[in-house]
Structure formats: structure tokens, C-alpha cells
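In what follows, every heavy atom counts, from backbone to side chain, and hydrogens, waters and symmetry copies are set aside.
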Amino acid sequence: MVTTPRSIIESVIRPFGGAVTRLVPLAGGGMNETYRAEMANGAQIVVRIARQPTPWFLDESHLMTRTRDVGVSTPEVLGIEHLDHEGELLSFSIQRFLPGRSLHDLVGELPVADLERLVQDAGEILARIHDVPTDERGIRHQLRMPAEATLAGITRLVADTVGQEAAPVVERGAELLCQQIMTGSTPRFALAQGDFMPKNILVADMMISGVIDWEFAGPAPPAFDLARWEVSAGDPLHDRLDLLHRGYARITDPEVAAAGLTPSYAVDWIFEMLAWKNPASPAQIRRCVDVLARYARVVS
């Protein structure tokens, strides 16, 4: 990943607290650079930097604000800046620092009972997010059928990684997805967080302190977020969708909310992952095959 010169970062965030006394790169952040900055006035802020052809983070800020209005803790955006650097557009989101460690990092440390409670609390938070009416801001997440060449590449990747015997699950997954796209009814769209994973759920004092990384939020059926958790939450939480559902049920019935679309959105996400330019890891590929094999059985 290209790194933005520190002098540019400091010039952008100086208005939010004076001189930068410490600048620490943060793990994660997806496609973006992410830093925690300690400022001369004592404030701690997070700065995220995106390289996109159009100004970035505008919809993210709007949707995080709307979600805070229903009681979900999200980072407060202090400012958004855009500047050209050597012919490339840089977008900066300057956010108030939210304390906590990611649920992902705590998986191996917490007692089982505490981990299960936190996942259920996360399910309740997700239901509250899905209760926010969509205003069409953000990225719209619809089911998409990959091109034949893409499916052929995915099949080769699965065969090379898991074994030739696993390749047929790609075809069966494609059948499931095609069937839903061609014959399924139009689902209810709500606000999806876009990357609702343990890595983006912060925990402080044994409570969820916030949900971060909203750049892919936007309109989608609730099944979108539920399916991505099942595919990509990581071991052991990807096999505990039941815990997420229990918390979700404090607000509304997760099965009704998902409207039978979890299998289709799981396949859709799997095909996206397996078509990445930078390939998924062998462990991710095996997880994708496991989920495809489970859901492909529902194809008639």
C-alpha cells in the first residue's frame, strides 16, 4: 500500500488539535491507510486516507450520523478533506477516537460466556442498524451474477486449493444465485453496515463501545450483513450465526428480516472474494467452499 507522507497528514489534521505529537498506523482499515494521532491539545483522533477517483467518505459520514441517532455508537466525524497529491486524489476522514479493542482480537482471550454475550449484543446492534430506513445514500448491494470467465477462474482456484472434488460446488452455487436473481421477489432494502465483522466491533470494559469502518454501508436486504458474518467472521464466530440471531431477535425476527436471502448473499460474497485480484488465503477459500457446499443443497 502506498503511504501518504507524514507532512501531508499533519497539515490536514492540524486544525483538529494543533501539532501532532504521535502518529501510529493502525492495523486493518481495509483498502485505506488508518492512523491514530495524538494531538498537542491532548485530543486523540483517527485519520483514514482513501485513494479513489471521486471524493470518498461523504456517504460514510452521513450514514454513521444517522445510525448514532438510533443509539448505535459510531465514530464522530470531525472533518472530511480532499486534496490532490502528485495527480492522485486523496480523501481524508478525521474522526474522534473510539476506545476499545476489536472483538476479533479478543476471541482467544475472553471466557466463552463473555464472548457469546458480546456476539448477541452485536446482533442487537445489527438489528438496530437495519431498522434505519434507507435514503439511498452509500453503496447499493444487489445480487450479481459473475461472468463466465470469472466463474471459470474461481473454479480453478477452488480446485487448486481444496481439490478437484470441491470444484462442482462453484457450479451449484452459481445455480443457486442465478435462480434467486431470475425468480426471486424484490426484497426489502434497509441500511446495511457493509462490513459488520468482529474486526469492526470495538469492546471496552466488557461492553461494545462502537462499530467502525462504514465506507461500504448502504442499501441492502438485512441478509447481506448476516451472510457476510457467516462467511467471513472468522473461526469460531463464523459458525455461531445463531448467537448473532439471538441478539437480533431482541429487536425483530432475524429469519423474517433475512427473507430467505442469506444463502444467495453468502454465495454472492463468496464469488466476490474468490475473484479478488489479490487472492483470498487458503483458509478463506476453504471456508468459502464449506459455505457453498452447505447452501448448494437447497438448489432444486
Side-chain angles (χ1 to χ4, degrees), residues 1 22-38 43-50 57 60-61 63-64 67-68 71-78 93-130 191-217 224-248 269 273 276 278 280-281 283-284 287:
M1 177 183 289
R22 191 178 183 211
L23 189 67
V24 181
L26 298 180
M31 302 182 303
N32 306 317
E33 293 176 73
T34 307
Y35 302 89
R36 177 172 59 85
E38 297 176 5
Q44 293 191 64
I45 63 175
V46 169
V47 55
R48 300 173 66 215
I49 308 168
F57 296 127
E60 178 188 58
S61 175
L63 294 173
M64 286 195 297
T67 307
R68 282 199 304 278
V72 175
S73 177
T74 68
E76 178 188 354
V77 176
L78 304 174
S93 177
I94 300 94
Q95 305 174 0
R96 196 179 304 281
F97 175 73
L98 272 182
R101 294 177 61 195
S102 76
L103 183 59
H104 175 271
D105 290 344
L106 293 170
V107 165
E109 300 179 17
L110 292 175
V112 172
D114 288 330
L115 182 61
E116 292 185 349
R117 173 181 58 81
L118 287 167
V119 173
Q120 291 182 60
D121 290 346
E124 178 179 344
I125 288 170
L126 184 59
R128 294 188 185 280
I129 294 169
H130 290 166
L191 175 62
Q193 196 273 343
D195 198 17
F196 195 82
M197 302 286 177
K199 65 180 181 179
N200 291 325
I201 298 169
L202 298 182
V203 176
D205 299 325
M206 298 303 294
M207 303 290 290
I208 294 178
S209 58
V211 181
I212 61 174
D213 197 353
W214 289 72
E215 69 177 303
F216 297 113
F224 172 88
D225 283 324
L226 294 167
R228 291 203 170 195
W229 179 285
E230 183 175 14
V231 174
S232 299
D235 188 31
L237 296 183
H238 55 208
D239 285 324
R240 297 309 310 269
L241 190 62
D242 63 307
L243 293 173
L244 204 69
H245 277 204
R246 284 185 215 170
Y248 201 103
W269 172 231
M273 287 178 60
W276 284 343
N278 296 321
S281 70
Q284 288 174 316
R287 176 62 185 175

Given Arg240 and Glu116, is the salt bridge (Lys or Arg N to Asp or Glu O under 4.0 Å) satisfied, shown in steps?
CA-CA 9 Å; Arg240 297 309 310 269; Glu116 292 185 349; 3.3 Å; yes
How far does CZ of Arg117 sit from CE of Met207, to the nearest 0.5 angstrom?
6.0 Å
Do Ser232 and Met197 have side chains that get closer than 4.5 Å, going by heavy atoms?
yes
Between Asp213 and Thr34, is a side chain to side chain contact (heavy atoms under 4.5 Å, CB included) present by the stated rule, with each step listed?
CA-CA 10 Å; Asp213 197 353; Thr34 307; over 6 Å; no
Side chain to side chain contact (heavy atoms under 4.5 Å, CB included) assessment of Leu244 paired with Val119:
CA-CA 6 Å; Leu244 204 69; Val119 173; 4.2 Å; yes
Between the side chains of Arg48 and Glu215, is the shortest nitrogen-to-carboxylate-oxygen separation below 4.0 Å, so that they form an ion pair?
yes
Plane angle bin for Phe196 and Trp229 - parallel if under 30°, tilted between 30 and 60°, otherwise perpendicular:
tilted
Nearest non-hydrogen partners of Phe224 and Ala192, listed with the distance:
CD2-CB, 3.8 Å
Answer yes or no: is there a side-chain heavy-atom contact under 4.5 Å between Asp195 and Asn200?
yes
If you measure from OH on Tyr248 to NE2 on His130, what distance do you get to the nearest 0.5 Å?
5.0 Å
Can you check whether Trp214's main-chain N or O pairs, donor with acceptor, with Glu60's side chain at less than 3.5 Å?
yes
Which atom pairs, donor and acceptor, lie under 3.5 Å between side-chain atoms of residues 104-113 and protein residues at least two apart or in another chain?
{"unit_1": "Asp105", "atom_1": "OD2", "unit_2": "Ser102", "atom_2": "OG", "d": "3.2"}
{"unit_1": "Glu109", "atom_1": "OE1", "unit_2": "Arg101", "atom_2": "NH1", "d": "3.0"}
{"unit_1": "Glu109", "atom_1": "OE2", "unit_2": "Arg101", "atom_2": "NH2", "d": "2.9"}

Quick one: are Leu115 and Leu243 in side-chain contact, heavy atoms under 4.5 Å?
no
Which atoms form the tightest heavy-atom contact between Ala204 and Pro99, and what is the distance?
CB-O, 4.2 Å
Under the criterion side chain to side chain contact (heavy atoms under 4.5 Å, CB included), I'd like the reasoning laid out for Gln120 against His245: C-alpha separation, chi angles, the key distance, then a yes or no.
CA-CA 7 Å; Gln120 291 182 60; His245 277 204; over 6 Å; no
Let me confirm one number: the CD1-CG distance from Ile129 to Asp225, rounded to the nearest 0.5 Å.
7.0 Å
Is a salt bridge present between Glu230 and Arg228, judged by a nitrogen-to-oxygen distance below 4.0 Å?
no
Minimum heavy-atom separation for Leu98 to Gly210, with atom names?
CD1-CA, 4.0 Å
Backbone N/O of Asp121 and side chain of Arg246: donor-acceptor pair under 3.5 Å
no
Hey, what do you get for CD1 (Ile201) to CG (Leu118), rounding to the nearest 0.5 Å?
9.0 Å
Might you work through the side chain to side chain contact (heavy atoms under 4.5 Å, CB included) test for Leu202 and Val211, ending with a clear yes or no?
CA-CA 6 Å; Leu202 298 182; Val211 181; over 6 Å; no
Do other residues, nucleotides or ligands put more than 12 heavy atoms under 6.0 Å from the CE atom of Met206?
yes
How many angstroms lie between atom OG1 of Thr74 and atom CG of Leu63, to the nearest 0.5 angstrom?
10.0 Å
For the student: nearest non-hydrogen atoms of Ala233 and Pro198, plus distance:
O-CG, 3.6 Å
State which residues pass ring pair (Phe, Tyr, Trp, His ring centres under 6.0 Å) with Phe57; sequence neighbours excluded, sorted by chain then number.
none
Within this structure, what is the CG-CZ distance for the pair Leu23 and Arg36, rounded to the nearest 0.5 Å?
9.5 Å
Contact between Ile45 and Phe97 at the side-chain level, heavy atoms closer than 4.5 Å - yes or no?
no
What heavy-atom pair brings Gln193 and Ile212 nearest, and what distance separates the two atoms?
NE2-O, 3.2 Å
Within 6.0 Å of CZ in Arg96, more than 12 heavy atoms from elsewhere:
no
Provide the closest heavy-atom pair for Ile208 versus Ala122 in the form atom of the first, atom of the second, distance.
CD1-N, 3.5 Å
Measuring only between side-chain heavy atoms, which start at C-beta, is Gln284 closer than 4.5 Å to Met273?
yes
